[in-house]
2 protein chains.
Amino acid sequence: MQATKKATYQHVRDEVVNRIQNRDWPPGAILPTEVELAKEFGCARATVNRAMRELAEQGIVDRKRKSGTRVVVMPVKQAKLEITPVRQSVEEQNGEYRYNLVRREILPCPDWLASKLALPARSPVMYLQCMHYGDNQPFQFEERWINIAAVPKVVEADLETLGPGEWLLREVPFTDAEIVFSAVAADKTLSEFLGTPVGSPVFQMERTTWFQGQPVTLVRFSHHPGYRMSTRY
Amino acid sequence: MQATKKATYQHVRDEVVNRIQNRDWPPGAILPTEVELAKEFGCARATVNRAMRELAEQGIVDRKRKSGTRVVVMPVKQAKLEITPVRQSVEEQNGEYRYNLVRREILPCPDWLASKLALPARSPVMYLQCMHYGDNQPFQFEERWINIAAVPKVVEADLETLGPGEWLLREVPFTDAEIVFSAVAADKTLSEFLGTPVGSPVFQMERTTWFQGQPVTLVRFSHHPGYRMSTRY
DNA sequence: CAGTGGTCTAGACCACGGT
DNA sequence: CCGTGGTCTAGACCACTGG
């Protein structure tokens with residue numbers, strides 16, 4: 001029964017996963033303690049601890065002091081979405097990336113934005129419209145508001161060649177973000193930029209970012225028709 | 001300068017994050033070695049190692065043997081999506097959940113599905129249509145195909161009260177999944193079930209799951225108009 | 001109070017990959 | 001080659017929490 005060869009934390013982790021999947025330890029069951037598992041696998045407790053800690057992070061088991069480790073009954077699956085710059089997304093699909101700055105102006109913060117970002121009314125923001133192309137086909141329309149107080153340097157930035165997304169990524173190490181995905185109908189602007197009929201479904205991603213509590217930027221990406229965002233776990 | 005009080009891995013981790021955010025260690029910079037950091041913080045190397053390992057998992061630093069640890073230049077942000085059962089989503093929004101099984105039949109696997117799941121042609125699958133309501137408003141329309149060979153018991157399952165999603169979650173510990181998000185236009189069926197005009201934008205999530213390499217189910221969720229999927233990081 | 005996981009230590013050996 | 005991270009160990013103390 002004892003583990004045969006090596007006792008790496010990965011072996012322990014995988015073996016435990018197997019037993020859970022095979023219902024040796026059914027949902028809701030309590031697993032042996034770390035000391036017991038360490039004895040069985042012939043390794044140190046720290047090794048078992050690391051293995052179990054990974055499983056807890058994955059949401060497969062639930063650990064509580066004194067109670068012990070329990071197999072989660074209805075695991076909440078976590079999918080990781082990788083938020084990559086547009087350029088990278090396009091180039092990973094072997095596409096030729098092209099970027100165009102459509103509009104750039106500084107204006108007083110509209111009320112809805114001030115409310116959303118908790119900014120003083122009419123504080124200055126930079127408003128941008130950009131288009132991203134893959135193989136000369138519309139890929140993504142970008143609409144962005146930047147809180148100038150948070151990034152004063154942006155007023156002098158050259159955003160013609162490097163997109164605002166990549167520029168900000170280099171300049172401001174934002175720490176926190178909220179992301180919202182939705183499906184909307186194309187209005188006239190989207191229709192023209194994305195080359196799709198008015199009213200057709202558009203996949204949107206809206207992201208608000210902060211740096212140490214201070215709002216930095218809100219950006220709305222509207223994707224070309226047929227766009228699919230995928231992931232695995 | 002040395003760290004003052006405690007030297008938990010969290011203190012080390014947070015302090016390193018601070019220095020990176022403050023540009024003490026700018027993007028691309030090489031950090032001190034684990035031994036050096038351990039000395040500075042007055043702790044064991046294992047403690048530093050755990051701190052740095054977490055940062056590497058988060059994609060903030062990049063670690064290579066011999067080369068050392070480097071601040072990632074353009075971090076690929078990872079957003080975690082929690083995939084919860086519909087019932088839970090509704091109830092978390094204080095909504096009253098209701099479920100209805102619309103259609104249930106066993107039929108030979110259509111070609112597109114056989115192709116997608118790498119199933120033998122015309123192998124039997126169960127096809128389901130379900131509606132999920134929140135506060136008696138349409139929340140989500142579910143269309144699902146289940147590979148009967150993978151889950152024979154499903155033919156005897158009572159899916160009237162418990163939805164197929166929750167039933168499967170209890171019966172089959174699937175291990176792998178692919179998820180695709182998209183925006184589509186409502187066809188006649190979706191229009192009727194979701195109470196939205198034909199052609200209006202619908203947010204869809206399509207998920208295919210496997211258990212140890214064997215395809216289990218493909219499900220397509222079509223959400224009510226105005227649905228927004230959000231997350232933070 | 002006592003059992004369980006959470007963490008730290010000091011040391012050791014290993015594996016990868018630049019030089 | 002040899003410096004760096006990757007991992008394991010044996011032991012210790014702590015922190016939370018159920019009984």
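Computation of the quantities below employed the complete heavy-atom set of this structure, encompassing side-chain atoms and omitting hydrogens, waters and symmetry-equivalent molecules. This one's a predicted model, so the numbers in the text were calculated from it and none came from an experiment. Order of the sequence lines fixes the chain letters, A, B, ..., with proteins taken first and strands second; residue numbering starts at 1 for each chain.
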Start and end of chain B contact along DNA chain D [non-hydrogen atoms, under 4.0 Å]: dG3(D) to dT7(D)
All pairs passing salt bridge (charged side-chain N to carboxylate O under 4.0 Å, His left out) where residues 67-89 of chain B contributes a residue, at least two apart: Arg87(B)-Glu166(B)
Rounded distance (Å) that lies between atom P of dT4(C) and atom CE of Met52(A): 14 Å
Sugar-phosphate only, base, or nothing, as touched by Arg50(A) at under 4.0 Å among non-hydrogen atoms: sugar-phosphate
Arg65(A) CZ - dT4(C) C1' separation (whole Å): 9 Å
Separation of dG17(C) P from Arg63(B) CZ (nearest whole Å): 14 Å
Atom-pair distance (CD on Glu36(A); P on dT4(C)), nearest Å: 7 Å
Along DNA chain D (nearest heavy atom to each residue), the more 5'-positioned of Lys66(A) and Tyr9(A): Tyr9(A)
Salt-bridge criterion met for Glu40(A) and Arg19(A) (N-O under 4.0 Å): yes
Parallel, tilted or perpendicular: ring planes of Trp112(A) versus Trp145(A), cut at 30 and 60 degrees: perpendicular
Upstream residue (5' side of DNA chain C) when Asn49(A) and Ser67(A) are each assigned their closest nucleotide: Ser67(A)
Distance-only donor-acceptor check, side chains His132(B) and Glu142(B), under 3.5 Å: yes
Separation of dT4(C) P from Lys39(A) NZ (nearest whole Å): 12 Å
Working for side chain to side chain contact (heavy atoms under 4.5 Å, CB included), residues Phe181(A) and Leu81(A): CA-CA 12 Å; Phe181(A) 301 93; Leu81(A) 278 184; 3.7 Å; yes
Straight-line distance of Leu218(B) CG to Glu206(B) CD, nearest 0.5 Å: 5.0 Å
Whole-Å distance separating the CG atom of Asp62(A) from the C1' atom of dG5(C): 12 Å
Length of the line joining Lys64(B):NZ and dT19(C):P, which is rounded to integer Å: 11 Å
